[in-house]
Amino acid sequence: MTRVWEWNRPVTVREVLEDLQQERSIAYTTVMTVMDNLYQKGWLRREAEGRAYRYEAVSNRAAYSAALMNEAWSVSDNPAAALVAFFGMMSAEQREALRDAIRVVQLDGPADGAPPPGR
């Protein structure tokens with residue numbers, strides 16, 4: 001997924017293989033199987049191009065990460081405690097990024113379209 005997200009364009013198994021082979025030895029069939037598995041799970045979409053496929057990410061890395069966090073949070077029997085524990089694991093830089101994100105969301109207003117309290 002990292003390669004597909006980095007390139008931000010449809011890619012072939014061969015392109016991913018050649019890039020990965022710069023770092024380690026890996027078989028074409030291994031890359032093909034992994035990309036097909038990602039397609040089957042709904043993380044990639046693909047379009048036929050001759051006898052091969054071009055794959056592209058269904059969502060960007062940020063949306064994927066957010067979905068993972070949401071999924072983990074939603075299965076907690078105590079979401080508030082889970083958030084407190086998660087925030088406690090964050091580095092100072094991550095907490096600052098969280099503060100920035102909260103400011104952005106607050107500037108956009110509530111998700112339900114209601115005016116912010118006090119307005």
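One-based numbering along the sequence shown. Computed from a prediction, not measured in an experiment: that's the story for all the values here.
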Y64 and W5: CA distance, side-chain angles, deciding distance, side chain to side chain contact (heavy atoms under 4.5 Å, CB included) verdict: CA-CA 11 Å; Y64 171 73; W5 282 323; 3.4 Å; yes
Would you mind checking if E15 and R54 are paired as a salt bridge, meaning a charged N to carboxylate O distance below 4.0 Å? yes
So, are R14 and E49 salt-bridged, with charged N and O less than 4.0 Å apart? no
If two hydrophobic side chains count as joined below 4.5 Å and joins carry through other members, does I102 share a cluster with M90? yes
Examine W43 and M69 and state if one hydrophobic cluster contains both, with Ile, Leu, Val, Met, Phe, Trp and Tyr joined whenever side-chain heavy atoms are less than 4.5 Å apart. no
Judged by atom type as modelled, is there a donor-acceptor pair below 3.5 Å linking the side chain of R45 to the main-chain atoms of A57? yes
Ring centres of W73 and F86 under 6.0 Å apart? no
More than 12 heavy atoms of other residues, nucleotides or ligands under 6.0 Å from CD of E71: is that the case? no
Please find the pair of heavy atoms, one from V58 and one from L44, that lie closest to each other, and give the distance. CG2-C, 3.6 Å
Please give me the minimum heavy-atom distance between T2 and R61, naming the atom from each residue. OG1-NH2, 3.0 Å
I need the [X] [atom1] to [Y] [atom2] distance, nearest 0.5 Å.
X	Y	atom1	atom2	answer
Q21	Y28	CD	OH	11.5 Å
Q22	L17	CD	CG	10.5 Å
L20	R3	CG	CZ	4.5 Å
D36	K41	CG	NZ	11.5 Å

